[in-house]
Novice: 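Here it is, the structure in full.
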Amino acid sequence: MTTDDQIHLARTHLASARHVTVLTGAGISADSGVPTFRGTDGLWRTFRAEDLATPEAFERDPRLVWEWYNWRRELIATKQPNPAHIALVELERRRPDTFWLITQNVDGLHRTAGSQRLSEIHGNIWKVRCTGCGIISENREVPLPILPTCRLCQALLRPHIVWFGESLLGEDLRRCDQALRNCDLLLVIGTSGIVYPAAGFASVAKEVGALVIEINLDSTPQSDLVDLSLQGRAKDLVPLLL
Ligand code: BJW
Ligand code: ZN
């Protein structure tokens with residue numbers, strides 16, 4: 001099948017689907033200039049995840065972790081949503097009651113683009129959480145003073161991000177499970193499909209008989225499982241599906 005045929009088929013499926021769920025990963029924001037994690041220019045090529053994205057790393061050296069997040073906040077602050085983010089806003093607008101977007105991205109670009117029916121399952125880089133009283137607040141200060149502390153209780157603040165070995169919010173997991181079990185089409189965009197639990201979402205959708213379409217620059221561990229695998233840039237392919 002040619003790419004044009006695949007796109008035509010994907011469009012037809014999308015137009016006839018009742019409940020549509022979308023899962024996105026770093027690849028959708030790569031087209032906005034936000035670095036991905038894996039791959040040749042990925043963050044994990046230069047930085048060790050276990051030194052920066054685990055609760056143990058933060059306990060050991062909160063300054064180092066905050067410096068890394070400050071650098072990323074500065075970088076992301078200069079980035080804008082791209083046509084793929086915007087196409088997903090349009091998809092939500094067309095089917096407001098039968099659409100849910102699950103993102104692993106912490107950059108907030110889906111929300112900036114206008115997506116509202118959205119679970120940010122790995123958190124958001126523009127939110128901080130108090131390690132003392134647990135309060136979560138939005139914080140767009142760039143750079144943040146290191147080390148940032150809570151206004152209410154003076155304890156250390158941490159990024160409101162899900163690190164390796166930490167559980168996702170139960171409420172998010174329930175919402176996602178519902179969106180996956182109810183959907184008849186799952187669109188998986190720009191994720192390597194390695195990090196759990198999101199790496200298992202395509203299997204959940206397949207189990208309930210949904211059609212799964214993947215959009216990625218490369219093949220992934222999920223490519224053999226999905227019904228249609230479109231290879232290319234998210235910013236080019238996602239708008240073509242509408
Ligand atoms: C393009 C493109 C373009 C590029 N267009 N495409 C079961 C089995 C084994 C292990 C586990 C398991 N369950 C849990 C675990 C442990 C762990 C895990 O999954 N480890 C794996 C690495 C094996 N999971 C967890 O710890 C999770 N917690 C949890 O499950 O709690 C319960 C539990 C704990 C422990 C044991 C068992 C249960 C939490 C995971 C949190 C992940 N957080 C991170 C880092 C946050 C730090 C931060 O951002 O500040 O979130 S990891 C990092 O990876 C980040 C991402 O959201 C996540 C996914 O990455 P993503 O989005 O897929 O990006 P890439 O870079 O990997 O891929 C980009 C893709 O885009 C590529 O495919 C490109 O080809 C493509 N692409 N340009 C289209 N223009
Ligand atoms: Zn506090």
Side-chain angles (χ1 to χ4, degrees), residues 23-45 47-58 65-66 68-73 75-76 82-85 102-109 119-137 148-170 172-173 176 187-203 214-223 229-239:
L23 169 67
T24 64
I28 195 168
S29 293
D31 286 331
S32 294
V34 179
T36 62
F37 293 91
R38 297 159 190 89
T40 37
D41 298 323
L43 291 172
W44 298 153
R45 287 284 163 126
F47 304 100
R48 282 160 43 96
E50 50 275 42
D51 290 342
L52 297 161
T54 64
E56 294 78 19
F58 189 67
V65 173
W66 262 122
W68 188 62
Y69 278 98
N70 250 348
W71 168 71
R72 286 179 61 208
R73 284 163 64 105
L75 183 93
I76 293 169
N82 66 58
H85 295 102
I102 304 168
T103 188
Q104 298 167 84
N105 299 343
V106 300
D107 54 38
L109 289 181
S119 301
E120 294 174 309
I121 59 170
H122 290 166
N124 186 306
I125 202 162
W126 302 112
K127 289 183 181 168
V128 293
R129 186 164 86 235
C130 177
T131 58
C133 67
I135 194 165
I136 298 164
S137 44
T149 51
C150 177
R151 281 188 196 170
L152 299 177
C153 76
Q154 275 70 54
L156 181 63
L157 295 175
R158 60 162 281 178
H160 183 52
I161 283 184
V162 181
W163 287 323
F164 283 111
E166 293 188 310
S167 296
L168 279 66
L169 273 182
D172 279 338
L173 281 176
C176 292
L187 197 53
V188 181
I189 307 169
T191 174
S192 57
I194 290 173
V195 177
Y196 283 85
F201 288 177
S203 306
E214 176 184 63
I215 294 182
N216 199 300
L217 267 186
D218 284 321
S219 58
T220 73
Q222 259 96 62
S223 299
S229 185
L230 303 180
Q231 282 200 5
R233 292 192 174 281
K235 77 164 166 53
D236 299 329
L237 294 181
V238 183

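These numbers come from the heavy atoms of this one structure, side chains and all, not from hydrogens, waters or symmetry mates. In each ligand, atom 1 is the first atom listed, and ligand 1 is the first ligand listed. These numbers were taken from a predicted model, which means no experiment stands behind them.
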Novice: For residues Q104 and L23, determine if any side-chain heavy atom of one lies less than 4.5 Å from a side-chain heavy atom of the other.
Specialist: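 They are in side-chain contact.
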
Novice: Please round to the nearest 0.5 Å and tell me the distance separating atom CZ of R233 and atom NZ of K235.
Specialist: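 If I round to the nearest 0.5 Å, the distance is 6.0 Å.
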
Novice: Which residue holds the protein heavy atom closest to atom 12 (C) of ligand 1, what is that atom called, and what is the gap in Å?
Specialist: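 Of every protein heavy atom, Y196 CB, 3.4 Å lies nearest to atom 12 (C) of ligand 1.
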
Novice: Looking at Y69, which atoms of ligand 1 are within less than 4.0 Å of one of its heavy atoms?
Specialist: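 Taking each heavy atom of Y69 in turn, ligand 1 has 47 (C), 48 (C), 50 (O) under 4.0 Å.
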
Novice: With no hydrogens and no angle check, is any side-chain donor or acceptor of N105 less than 3.5 Å from a backbone partner on D107?
Specialist: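 Side chain of N105 to backbone of D107, a donor-acceptor pair under 3.5 Å: no, none is there.
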
Novice: Tell me, please: is K235 in heavy-atom contact with ligand 1, that is, under 4.0 Å?
Specialist: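 Flag not set, K235 not near ligand 1.
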
Novice: Which residue supplies the protein heavy atom nearest to atom 48 (C) of ligand 1, what is that atom called, and how far is it?
Specialist: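 Ranked first by proximity to atom 48 (C) of ligand 1 is R72 NH1, 3.2 Å.
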
Novice: Tell me the closest heavy-atom pair linking R45 and G39, and the distance in Å.
Specialist: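 Scanning both residues completely, I find the closest heavy atoms to be CG-O, 3.2 Å.
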
Novice: Considering the heavy atoms of V162, write down every atom of ligand 1 situated less than 4.0 Å from one of them.
Specialist: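 It comes down to these atoms of ligand 1: 39 (C), 41 (C), 42 (C), 43 (N), 46 (C).
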
Novice: Taking R38 for the side chain and W44 for the main chain, is one N or O donor matched with an acceptor at less than 3.5 Å?
Specialist: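 Between the backbone of W44 and the side chain of R38 there is no qualifying donor-acceptor contact (under 3.5 Å).
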
Novice: A side-chain contact here means heavy atoms from C-beta on lying under 4.5 Å apart; do C130 and L152 qualify?
Specialist: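 No, their side chains stay 4.5 Å or more apart.
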
Novice: Taking non-hydrogen atoms only, is S192 closer than 4.0 angstrom to ligand 1 via side chain, backbone, both or neither?
Specialist: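 S192 to ligand 1: contacts from backbone and side chain alike.
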
Novice: From atom 41 (C) of ligand 1, is the closest protein heavy-atom distance below 4.0 Å?
Specialist: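 Under the 4.0 Å cut-off, atom 41 (C) of ligand 1 does have protein heavy-atom neighbours.
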
Novice: Taking only heavy atoms of R233 into account, list the atoms of ligand 1 that are under 4.0 Å away from them.
Specialist: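 So the answer, numbered in order with elements, is 5 (N), 80 (N).
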
Novice: Return the residue, atom name and 0.1 Å-rounded distance of the protein heavy atom closest to atom 1 (C) of ligand 1.
Specialist: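 Scanning the protein heavy atoms, the shortest distance from atom 1 (C) of ligand 1 goes to G27 CA, 3.4 Å.
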
Novice: Considering distance alone, does some N or O of R38 sit under 3.5 Å from an N or O of ligand 1?
Specialist: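 Right, the criterion is met.
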
Novice: Short N/O distance, under 3.5 Å, between T220 and ligand 1?
Specialist: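 No.
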
Novice: Is there a side-chain contact between W126 and I76, using heavy atoms and a 4.5 Å cut-off?
Specialist: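 Side chain of W126 against side chain of I76, heavy atoms only: contact under 4.5 Å found.
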
Novice: Output yes when a protein non-hydrogen atom is found under 4.0 Å of atom 38 (C) of ligand 1, and no otherwise.
Specialist: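 Protein heavy atoms within 4.0 Å of atom 38 (C) of ligand 1 - there are none.
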
Novice: Can you find a pair of side-chain heavy atoms, one from T220 and one from S192, that are under 4.5 Å apart?
Specialist: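 No, their side chains stay 4.5 Å or more apart.
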
Novice: I need the contact type for T36 against ligand 1. Using non-hydrogen atoms and a strict under-4.0 Å cut-off, is it side chain, backbone, both or neither?
Specialist: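 Under 4.0 Å from ligand 1, T36 contributes backbone and side-chain atoms.
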
Novice: Fit a plane to each ring of F58 and W66, take the angle between them on a 0 to 90° scale, and name the class: parallel (under 30°), tilted (30 to 60°) or perpendicular (over 60°).
Specialist: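 It falls in the perpendicular class, over 60°.
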
Novice: Among all protein heavy atoms in this structure, tell me which lies nearest to atom 32 (C) of ligand 1, with the distance rounded to 0.1 Å.
Specialist: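 Going by distance alone, atom 32 (C) of ligand 1 is nearest to S167 OG, 4.0 Å.
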
Novice: I want to confirm something. Looking only at heavy atoms, which of G165, S223, A53, G200 is nearest to atom 35 (C) of ligand 1?
Specialist: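 Nearest heavy atom to atom 35 (C) of ligand 1 lies in G165.
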
Novice: Is there side-chain contact between W163 and R158, with at least one heavy-atom pair below 4.5 Å?
Specialist: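 Yes; the side chains approach each other to less than 4.5 Å.
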
Novice: Ligand 1 and A234, any nitrogen or oxygen pair closer than 3.5 angstrom?
Specialist: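 Min N/O separation from ligand 1 is below 3.5 Å for A234.
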
Novice: When you measure from atom 80 (N) of ligand 1 to every protein heavy atom, which one gives the shortest distance, and what is it?
Specialist: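 For atom 80 (N) of ligand 1, the nearest protein heavy atom comes out as D31 OD1, 2.9 Å.
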
Novice: Which bit of E166 is near ligand 1, meaning a heavy atom under 4.0 Å away: side chain, backbone, both or neither?
Specialist: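 The answer is the backbone.
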
Novice: Would you call V106 and Y69 a side-chain contact if the rule is heavy atoms closer than 4.5 Å?
Specialist: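 They are not in contact (no side-chain heavy atoms under 4.5 Å apart), so the answer is no.
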
Novice: Find all atoms of ligand 1 within a distance of less than 4.0 Å from any non-hydrogen atom belonging to A30, and give their numbers and elements.
Specialist: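 By the 4.0 Å cutoff, the relevant atoms are 78 (N).
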
Novice: Say whether T149 and Q154, considering side chains only, have a donor N or O and an acceptor N or O under 3.5 Å apart.
Specialist: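 Looking only at side-chain atoms, Q154 and T149 do not form any donor-acceptor pair under 3.5 Å.
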
Novice: From S219 OG over to E214 CD, what is the distance, rounded to the nearest 0.5 angstrom?
Specialist: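 These two atoms lie 8.0 Å from each other.
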
Novice: Quick one: look up the protein heavy atom nearest atom 59 (C) of ligand 1 and list residue, atom name and how far away it is.
Specialist: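 Here the closest protein heavy atom is Q104 OE1, 3.3 Å.
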
Novice: Please state which protein non-hydrogen atom is closest to atom 69 (C) of ligand 1 and give its distance, to 0.1 Å?
Specialist: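 I find the closest protein heavy atom is G190 O, 3.7 Å.
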
Novice: How close does the nearest protein non-hydrogen atom get to atom 62 (O) of ligand 1, and which residue and atom is it?
Specialist: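 Answer for atom 62 (O) of ligand 1: A26 N, 2.8 Å.
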
Novice: Side chains of I102 and I121: does their closest heavy-atom pair fall under 4.5 Å?
Specialist: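 A side-chain contact exists here, since the closest heavy-atom pair is under 4.5 Å.
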
Novice: Out of I215, N216, T24, who is nearest to atom 74 (C) of ligand 1 when you count heavy atoms only?
Specialist: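 Closest candidate by heavy-atom distance is N216.
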
Novice: Going by the atom numbers of ligand 1, which of them fall below 4.0 Å from some non-hydrogen atom of G25?
Specialist: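 Listed by number with element: 62 (O).
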
Novice: Consider ligand 1: state whether an atom of it lies below 4.0 angstrom from any non-hydrogen atom of G123.
Specialist: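 Judged by the 4.0 Å heavy-atom criterion, G123 does not count as contacting ligand 1.
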
Novice: For residues C150 and C133, report the shortest heavy-atom separation together with the two atoms involved.
Specialist: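 Taking C150 first and C133 second, the nearest heavy atoms are SG-SG, 3.9 Å.
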
Novice: Any nitrogen or oxygen of P197, main chain or side chain, under 3.5 Å from a nitrogen or oxygen of ligand 1?
Specialist: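 Between P197 and ligand 1, no N or O pair is found under 3.5 Å apart.
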
Novice: Run the numbers for me: atoms of ligand 1, each under 4.0 Å from some heavy atom of V106, listed by number.
Specialist: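 In order of numbering, the contacting atoms are 49 (O).
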
Novice: Does ligand 1 have any atom sitting under 4.0 Å from a heavy atom of G39?
Specialist: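 The answer is no, since G39 has no heavy atom less than 4.0 Å from ligand 1.
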
Novice: For G232, counting its heavy atoms only, list the atoms of ligand 1 lying under 4.0 Å from any of them.
Specialist: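 Numbered from 1, ligand 1 contributes 5 (N), 79 (C).
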
Novice: Just going by heavy-atom distances, which of I194, I28, T191, D107 is nearest to atom 21 (C) of ligand 1?
Specialist: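 It is I194 whose heavy atom sits nearest to atom 21 (C) of ligand 1.
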
Novice: Taking 4.0 angstrom as the limit and counting only heavy atoms of I161, give me the atoms of ligand 1 inside it, by number and element.
Specialist: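 The list of qualifying atoms is 46 (C), 47 (C), 48 (C), 50 (O).
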
Novice: Report yes if V195 has an N/O atom closer than 3.5 Å to an N/O atom of ligand 1; otherwise report no.
Specialist: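 No; every N/O pair is 3.5 Å or more apart.
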
